[in-house]
> 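What follows is a structure written as structure tokens; I'll ask about it next.
In the text below, chain A, chain B and the rest are named by the order of the sequence lines, each starting its count at 1.
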Amino acid sequence: MSELEKAYIAKKYEDKIYKKWEDSGSFQPKNGDKKAFTISMPPPNATGTLHLGHAIMLAIQDIMTRTKRMQGHPALWLPGTDHAAIATQNKVEKLLAERGQDRHKLGREKFLEEVRKFVAESQATIHNQIRKMGSSCDWSRERYTLDEGLSKAVLEVFVRMYNDELIYRGYRLVNWCTRCESTLADDEVDHKDIGGHFYHIKYPLKDSEQYLEIATTRPETMLADTAVAVNPKDKRYKHLIGQTLILPLVGRELTIIGDEYVDIELGTGALKVTPAHDPNDFELGKKHSLETINILNEDGTLNENAGKKYAGLDRFAARKKIVKELEEEEYLMKVEDHMHSVGHCYRCSTVIEPLVSLQWFIDVNKPTKDGKTLKEKSIEVVKDGSINILPERFSKTYYHWMENLRDWCISRQIWWGHRIPVWYCQDCEEIIVTAEEPQKCTKCGSKKLKQDEDTLDTWFSSGLWTFSTLGWPENTEDMRRFHPTSVMETGYDILFFWVARMILMTTYATGQIPFETVYLHGLVRTKTGEKMSKSKPETCIDPLDMIEKYGADALRLSLIVGASPGNDTRLYEEKIAGYRNFVNKIWNSARFVLMNIEDYDVSLDDVLKSDLSKVDKWMLSRLNETTASITDKLNKYALSDAGTEIYEFFWGEFCDWFLEMSKVQQNDKVLAYVIKQILVLLHPFVPFVTEAIWEHMGEKEMLIETSWPKSEESLKFTEAKEEIELVKDIISQIRSLRAESSVDATRKIKAVLHAGRHKDLLGENVDIIKRLANLGSLDIKESGAKEQNTLASVVKEVEIFLPLEGMIDPGKEKQRIGKEIENIKRYLHIIEKKLANENFAGKAPEEIIAKENNKRDELAVQLEKLEKQLDSIV
RNA sequence: GGGCGCUUAGCUCAGUUGGUUAGAGCGACUGGUUUACACCCAGUAGGUCAAAGGUUCGACUCCUUUAGCGCCCACCA
């Protein structure tokens, strides 16, 4: 088997292995009695290429899925993509713009063709990239939010909600993106603090020299003012309520109204009321029956209502013009700098305009059939523990968001997405809501029907993802087997956008929760903690480059180990290189074993029947403990902890100790058994290299299909384990003595051990100690006279002497041992103080006290021996 | 204005329900052609666990306050 490369070449194996897995059907869930384990893969946007955010999600979900699959659960990881309405449309519009095209010139159908073409291309790219990460997802069940089946589910839910009066159409103040020319949901607006201005404007009283001073940050909206409000408790203005003001530049008469809403302290205490372009003013307008004047076009320019002078101007140009005119006509009193929060489109960063518009909404506050509102239901399933959010603290954020959720605006004016299933009769104005395109008006029979132009919010369809992908509304077998799903694993940044929406939509549509556990991962940042951005290529890491360079296994580990749920993680190339080294170490340990062993067909029985040395027992014991611990951690989704533990066990114990010891004394059965089990435990983390090795070992069954080990009572060897730990400590101590005293590392020196009751143990392992400590000869005695001219030390009760004629400086040696004694004394002192403390003796648990007593006794013995050694130096 | 998180070795991070003389990887330093691996091996140095107070027999771990950094939410004209 020595033809294996000295270093593992990931590139040579990964694609081949992935193909083998995929072709074998092992990504598809098996039948079985155990509870199914399901993850719906958060569908990447069909807009381009995979980034590290996808890589971390794929790594985490793949580890979960592989573990459960090996544990014998029917495991389904369902992949797919999202049409990502606004994001995709924007992207294609940008591409069109580069060719001097735009969607309006193309028209709806041609534009959609362009989008479809673009999506098909990026989907192909995404498929390839998901595979590159080693994702063991079931491609036979892949879905796309615009699939026929999913679209059917979308329409079905819409119609049901409409019939249940949970979806309604109405004039409301909405968030309008002037670039996308569409509404946005409240949480699709990013609020950013912007340095703006406070413009103080004179609003003169009719037929008077007096005026009111009004402060505003958006002076152009004055063109839509229909009142001015003051607080009736405000002594300055109280008497003016009911009087009339003249709107500067426009000349419209405005009534001064009184409303407690107005904050006396804020601004000037007088508030211009613009019902069409401000959420608060909209409410005031409704309350006081004010006129609503909309001055904005969909593209952010001003319309006729703004007056001829301003119509057609962009909102910001209009602002400038108005400020200038106010100044010229001496209405502008002052301009102050003012920091305030301004809404921006989360997809294109354009400043959002609030405006009144006729849109479709989901009513989150209306009781449904079971008497609870959508909002209440969504809160309940998390509160009662049906859904468990990891890390737990995000539950609080979730409640807060849900509790304050307002009706969800679901209609978008973009073209890319699910068309709203509503038709308007052109003859009788009947509104027909149906999943199937109607042929004629249900009321008057007219065939002149016009479908609503709008599409649905992309989160409406992705909110159905866990069940629409399983065939709902049909009562499919997949639906019965795999829903509710087990885990929703995604970034905490889309808790509201998506996770909350899924809970809301799924509990309504199916009466089930969408998933049992929500695992939220953090953001991948640069080494210095900045967000990765393509504009900074020196720190922005492309997962595919890293896979090319270091292999997918290394990349996966670098994203998993050291990253806990809900916390951001930093990634940089040295880290990935470090895990590449680890992967290579796995490869080489296997290479070593493969050079030594032919037969890997070893059962537990074979191992137990073989002639087990204490070293074997130690290793089996540790393997068994590690298996139990890792299984436990994985079951709790503590992936980082599990990864760290297997890393340290494999490298620090199996390679550094057991393999080295095997070079002296080898038990084929144990070696084969242990390395195979380690490969199994490693497999969810580093699937490629482990599968590659597995194949070289001539296994018939692929590792991906192998069952997960259980911890076995018969592998517990407590005594042998402790004995070998002592042997290891002695070896370490000898190595340390040598190095500290600058003994030539290559020199095979002699050692004498006064082993006391451990004489037999050390005798059994004399060759191992000699080799690992690089000794020429080793003399083991029960006890004896002090050795002279030696480096001396004590481990537990065992005294170590390294006779080094002529090399020992008694002064230095005295100093060294003296220091060691001091150390022990200090420690001993702490323990003795603790034990002498009545409160400790009275209150600490017995276990702890026993442990402390033990430590004290050991230290006392060690101290005594060291003191004798010190005395003997002449 | 609310809420949350972080602060542990030069760097990146672990540290489970309080019981270690505080750990790992990288980096640094010393030394190594040993039946796999220099993508390696052996060894060493390096931390008053952000600060102050409190609870406790015992605090990196729990509580309070403070400071710095970061994030989320919020219709402050």
> Measure CD/A/Glu392 against P/B/rU16 and give the value in whole Å, please.
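Distance, rounded to whole Å: 16 Å.
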> Strictly below 4.0 Å, N to O, side chains only: are A/Arg580 and A/Glu573 in salt-bridge contact?
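No.
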> Polar atom pairs between nucleotides 4-13 of chain B and protein, under 3.5 Å, N or O only, would you list them?
| unit_1 | atom_1 | unit_2 | atom_2 | d |
| --- | --- | --- | --- | --- |
| B/rC4 | OP1 | A/Lys396 | NZ | 2.7 |
| B/rC11 | O2' | A/Lys527 | NZ | 3.4 |
| B/rU12 | OP1 | A/Arg570 | NH1 | 3.2 |
| B/rU12 | O4' | A/Tyr572 | OH | 3.1 |
| B/rU12 | O2' | A/Tyr572 | OH | 3.1 |
| B/rC13 | OP1 | A/Arg570 | NE | 2.8 |

> Side chain of A/Ile848 only, please: which of B/rA77, B/rG19, B/rC39 is the nearest?
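Ranking B/rA77, B/rG19, B/rC39 by closest atom to the A/Ile848 side chain puts B/rG19 first.
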> For the pair made of OH in A/Tyr346 and P in B/rC73, what is the distance, rounded to whole Å?
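About 13 Å, once rounded to whole Å.
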> The side chain of A/Phe840 is closest to which nucleotide in this list: B/rA42, B/rA36, B/rG19?
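Nearest to the side chain of A/Phe840 among the choices is B/rG19.
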> Reckon A/Trp651 has a side-chain N or O less than 4.0 Å from the OP1 or OP2 of B/rC39?
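It does not, given that no N or O in the side chain of A/Trp651 lies less than 4.0 Å from OP1 or OP2 of B/rC39.
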> Should A/Lys585 be listed as having a side-chain N or O under 4.0 Å from OP1 or OP2 of B/rC39?
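For A/Lys585, the contact criterion (side-chain N or O under 4.0 Å from OP1 or OP2 of B/rC39) is not met.
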> From B/rU35, B/rA36, B/rC73, pick the nucleotide closest to the side chain of A/Arg771?
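Nearest to the side chain of A/Arg771 among the choices is B/rU35.
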> Has A/Ser736 got a side-chain N or O lying under 4.0 Å from the OP1 or OP2 atom of B/rU44?
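Answer is yes, contact under 4.0 Å.
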> How many Å lie between CZ on A/Phe649 and C1' on B/rA14, as a whole number?
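The distance from CZ of A/Phe649 to C1' of B/rA14 comes to 20 Å, rounded to the nearest Å.
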> Between A/Glu530 and A/Arg525 (salt bridge meaning N to carboxylate O under 4.0 Å), is one present in this structure?
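Salt bridge absent between A/Glu530 and A/Arg525.
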> Which pairs pass salt bridge (Lys or Arg N to Asp or Glu O under 4.0 Å) with one or both residues in residues 828-842 of chain A, sequence neighbours excluded?
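Residue pairs with at least one partner in residues 828-842 of chain A: A/Lys834-A/Glu852.
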> On RNA chain B, does the nearest nucleotide to A/Arg218 precede the nearest nucleotide to A/Ile830 from the 5' side, or the other way round? Give the residue.
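The 5'-side residue here is A/Ile830.
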> Would you call A/Lys527-A/Glu574 a salt bridge at under 4.0 Å N-O?
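Judged by the 4.0 Å cut-off on N to carboxylate O distance, A/Lys527 and A/Glu574 do form a salt bridge.
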> Looking at the side chain of A/Lys6, which of B/rC41, B/rC37, B/rA36 is the nearest nucleotide?
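The closest nucleotide is B/rC37.
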> How are the rings of A/Tyr8 and A/Trp587 set to each other: parallel, tilted or perpendicular (split at 30° and 60°)?
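Tilted: the ring planes of A/Tyr8 and A/Trp587 meet at 30° to 60°.
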> Which nucleotide in the list B/rA77, B/rC37, B/rA42 gets nearest to the side chain of A/Arg735?
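Side chain of A/Arg735 sits closest to B/rA42.
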> Check ring pair (Phe, Tyr, Trp, His ring centres under 6.0 Å) between A/Tyr398 and all other residues, then give those that pass, not counting sequence neighbours.
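Partners of A/Tyr398 under the ring pair (Phe, Tyr, Trp, His ring centres under 6.0 Å) test: none.
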> Calculate the interatomic distance between A/Ile494 atom CD1 and B/rC71 atom P; express it in whole Å.
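Interatomic distance, CD1 of A/Ile494 to P of B/rC71: 19 Å.
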> Where the side chain of A/Lys855 is defined as all heavy atoms beyond and including C-beta, which of B/rU35, B/rU21, B/rU44 is the nearest nucleotide?
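Closest nucleotide to the A/Lys855 side chain: B/rU21.
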> For B/rC40, does OP1 or OP2 lie under 4.0 Å from any side-chain N or O of A/Asn581?
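Checking A/Asn581 against B/rC40: at least one side-chain N or O falls below 4.0 Å of OP1 or OP2.
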> When you match A/Thr217 and A/Glu574 each to their closest nucleotide on RNA chain B, which lands nearer the 5' end?
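Nearest nucleotide further toward 5': that of A/Glu574.
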> Looking at residues 738-746 of chain A, who's got a heavy atom less than 4.0 Å off RNA chain B?
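Of all residues in residues 738-746 of chain A, the ones placing a heavy atom under 4.0 Å from RNA chain B are A/Ala739, A/Ala745, A/Thr746.
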> Would a distance-only check, ignoring hydrogens and angles, find a side-chain to backbone donor-acceptor pair under 3.5 Å from A/Ser395 to A/Glu392?
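Side chain of A/Ser395 to backbone of A/Glu392, a donor-acceptor pair under 3.5 Å: yes, one is there.
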> Between A/Tyr550 and A/Tyr579, is the gap from one ring center to the other below 6.0 Å?
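Ring-ring flag for A/Tyr550/A/Tyr579: false, centres at least 6.0 Å apart.
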> Would you mind checking if A/Lys663 and A/Asp767 are paired as a salt bridge, meaning a charged N to carboxylate O distance below 4.0 Å?
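A salt bridge is absent here (no side-chain N lies under 4.0 Å from a carboxylate O).
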> Should A/Glu822 and A/Lys825 count as an ion pair when the cut-off is N to O under 4.0 Å?
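Between A/Lys825 and A/Glu822 there is no salt bridge, as every charged N stays at least 4.0 Å from the carboxylate O atoms.
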> Suppose we screen for salt bridge (Lys or Arg N to Asp or Glu O under 4.0 Å). Which residues come up paired with A/Lys575, at least two apart in sequence or across chains?
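Salt bridge (Lys or Arg N to Asp or Glu O under 4.0 Å) check on A/Lys575 returns nothing, list empty.
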> Please work out whether the ring planes of A/Phe582 and A/Phe650 are parallel, tilted or perpendicular, with thresholds of 30° and 60°.
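Perpendicular.
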> By nearest atom, which of the nucleotides B/rC39, B/rU35, B/rA36 is closest to the A/Arg591 side chain?
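Of B/rC39, B/rU35, B/rA36, B/rA36 is nearest to the side chain of A/Arg591.
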> Has A/Asp407 got a side-chain atom pairing as donor or acceptor with A/Phe361's backbone, closer than 3.5 angstrom?
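The answer is no, because no donor-acceptor pair under 3.5 Å joins these two groups.
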> Counting a pair only when it is Watson-Crick or G-U and both distances are under 3.5 Å, which runs of at least 3 such pairs involve RNA chain B?
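In RNA chain B, stems of three or more pairs: B:1-7 with B:67-73, B:10-13 with B:23-26, B:28-32 with B:40-44, B:50-54 with B:62-66.
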> Take the protein atom CG of A/Asn854 and the nucleotide atom P of B/rU21, then report the distance between them rounded to whole Å.
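It is 14 Å, rounded to the nearest whole Å.
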